[in-house]
Amino acid sequence: MSENMEKDHNRRVGVAMDYSATSKSALKWAAHNLLTHGDQLILIHVEPPNSDTPRKLLFQHTGSPLIPLEEFREIKLEKQYGLRNDAEVLDVLDSLASTKGVRVVAKVYWGDPREKLCEAVEDLKLDSLVLGSRGLGSIKRVLIGSVSSYVVKNASCPVTVVKGKPLPLPLPNSKP
């Protein structure tokens, strides 16, 4: 196998996750269209700067340590980091790990999602970032700014924005 092909199968792919329908669609899109055997998927959670999670004081400047998939179901993660135990997300992650051999971890940041997602690209040395678009109208986008627009313009890696009405997609190991 050539060096380039080997490198393609050891990519670090980030998916911005806030448990919204669009972020779940972004995860499913990455599962079906981007991730392959040997890749590492890093779910990137950005908690608001005023969140009151116990681990924030320790990691607010650097982000949390990488949290392996095996620990996602632990109740303490929700309390310590603000991560949710979402069955739909866990099903997709379990399927990716078991059928495609994707290594799954999560990292939590605190602050403005626009800045923290761009920071995560550098910090985690991502090869690609996938995020959902909430589809703000033009007035709201002007007033509060679009996270996806900012990240597309400022991230140092390729960014895929999954937009539109979330589609119910089959899990990676199911047949159409």
Side-chain angles (χ1 to χ4, degrees), residues 11-35 39-51 53 55-56 59-60 62-98 100 102-136 146-152 154-155 157-169 171-172:
R11 297 172 299 175
R12 295 173 66 94
V13 177
V15 174
M17 177 57 60
D18 64 2
Y19 302 102
S20 66
T22 55
S23 71
K24 290 178 185 182
S25 287
L27 173 62
K28 291 175 185 176
W29 185 91
H32 289 278
N33 298 292
L34 186 60
L35 293 162
D39 287 343
Q40 182 176 36
L41 169 63
I42 305 171
L43 287 184
I44 302 168
H45 301 268
V46 180
E47 292 291 314
N50 61 352
S51 73
T53 56
R55 297 294 175 153
K56 176 185 171 189
F59 302 116
Q60 67 184 347
T62 61
S64 72
L66 292 177
I67 304 164
L69 177 58
E70 296 79 28
E71 295 179 17
F72 281 21
R73 287 173 184 78
E74 294 181 14
I75 293 173
K76 71 178 183 177
L77 285 182
E78 186 170 350
K79 292 178 181 173
Q80 292 177 348
Y81 294 108
L83 300 178
R84 290 190 205 153
N85 197 343
D86 186 283
E88 185 179 6
V89 170
L90 289 171
D91 284 346
V92 173
L93 298 177
D94 287 338
S95 181
L96 277 169
S98 65
K100 287 192 175 184
V102 172
R103 295 165 289 142
V104 179
V105 295
K107 186 162 175 105
V108 181
Y109 292 91
W110 289 267
D112 182 325
R114 294 171 289 205
E115 295 170 6
K116 292 301 178 177
L117 287 171
C118 290
E119 183 180 307
V121 167
E122 297 297 323
D123 177 40
L124 301 168
K125 297 175 181 33
L126 296 180
D127 295 302
S128 182
L129 177 65
V130 182
L131 65 151
S133 172
R134 292 188 307 171
L136 294 177
S146 166
V147 171
S148 56
S149 293
Y150 182 91
V151 173
V152 165
N154 294 288
C157 73
V159 177
T160 301
V161 178
V162 178
K163 58 189 264 185
K165 186 176 179 182
L167 299 173
L169 297 174
L171 294 174

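Under the rule for a side-chain hydrogen bond (donor to acceptor under 3.5 Å, both in side chains), K107 has no partner lying at least two apart in sequence or in another chain. Take C118 and apply the side chain to side chain contact (heavy atoms under 4.5 Å, CB included) test, not counting sequence neighbours, and it matches Y150, V151, N154, A155. Remark: D86 pairs with Y19, K24, E88, V89 by the side chain to side chain contact (heavy atoms under 4.5 Å, CB included) rule, at least two apart or across chains. Considering only residues two or more places apart in sequence or on other chains, D94 meets the side-chain hydrogen bond (donor to acceptor under 3.5 Å, both in side chains) condition with R73. With sequence neighbours excluded, no residue forms a side-chain hydrogen bond (donor to acceptor under 3.5 Å, both in side chains) with E115. Residues passing the side chain to side chain contact (heavy atoms under 4.5 Å, CB included) test with P68, sequence neighbours excluded: E70, E71. Partners of Q40 under the side chain to side chain contact (heavy atoms under 4.5 Å, CB included) rule, at least two apart in sequence or in another chain, are R12, I42, R103, V105.
A30 approaches V130 most closely through the heavy-atom pair CB-CG2, 4.2 Å. Taking every heavy atom of both residues into account, K100 and A31 meet most closely at NZ-O, 2.5 Å. Here the closest heavy-atom approach between residue A16 and residue L129 is recorded as N-CD1, 4.3 Å. The two residues S64 and I67 come nearest to each other via the heavy atoms OG-CD1, 4.0 Å.
Annotation: the span from L93 atom CG to L41 atom CG amounts to 6.5 Å, rounded to 0.5 Å. R11 contributes atom CZ, which lies 12.0 Å from atom SG of C157 (distance to the nearest 0.5 angstrom). For the atom pair L117 CG and D112 CG, the distance stands at 9.0 Å (nearest 0.5 Å). Between the OG atom of S148 and the CG atom of L131 there is a distance of 6.0 Å, given to the nearest 0.5 Å.
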- request: Could you give me the CA-CA distance, side-chain angles and deciding distance for V161 and V152, then say whether side chain to side chain contact (heavy atoms under 4.5 Å, CB included) is met?
  value: CA-CA 8 Å; V161 178; V152 165; 3.6 Å; yes
message: What verdict does the side chain to side chain contact (heavy atoms under 4.5 Å, CB included) test give for L96 and D39, after you've listed the backbone C-alpha separation in whole Å, the side-chain angles of each residue and the deciding distance to 0.1 Å?
response: CA-CA 10 Å; L96 277 169; D39 287 343; over 6 Å; no
task: Begin with the C-alpha distance, continue with both residues' side-chain angles, and end with the deciding distance and a verdict on side chain to side chain contact (heavy atoms under 4.5 Å, CB included) for V13 and V102.
output: CA-CA 10 Å; V13 177; V102 172; over 6 Å; no
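T22 places no side-chain N or O within 3.5 Å of a backbone atom of G132 that could act as its donor or acceptor partner. The backbone N or O of D91 sits nowhere less than 3.5 Å from a side-chain atom of S95 that would complete a donor-acceptor pair. Under a 3.5 Å cut-off, the side chain of N33 and the backbone N or O of W29 do form a donor-acceptor pair.
In this structure the side chain of D18 never reaches within 4.5 angstrom of the side chain of V46, judged on heavy atoms. Taking the side chain as every heavy atom from C-beta outward, L126 and I44 approach each other to under 4.5 Å.
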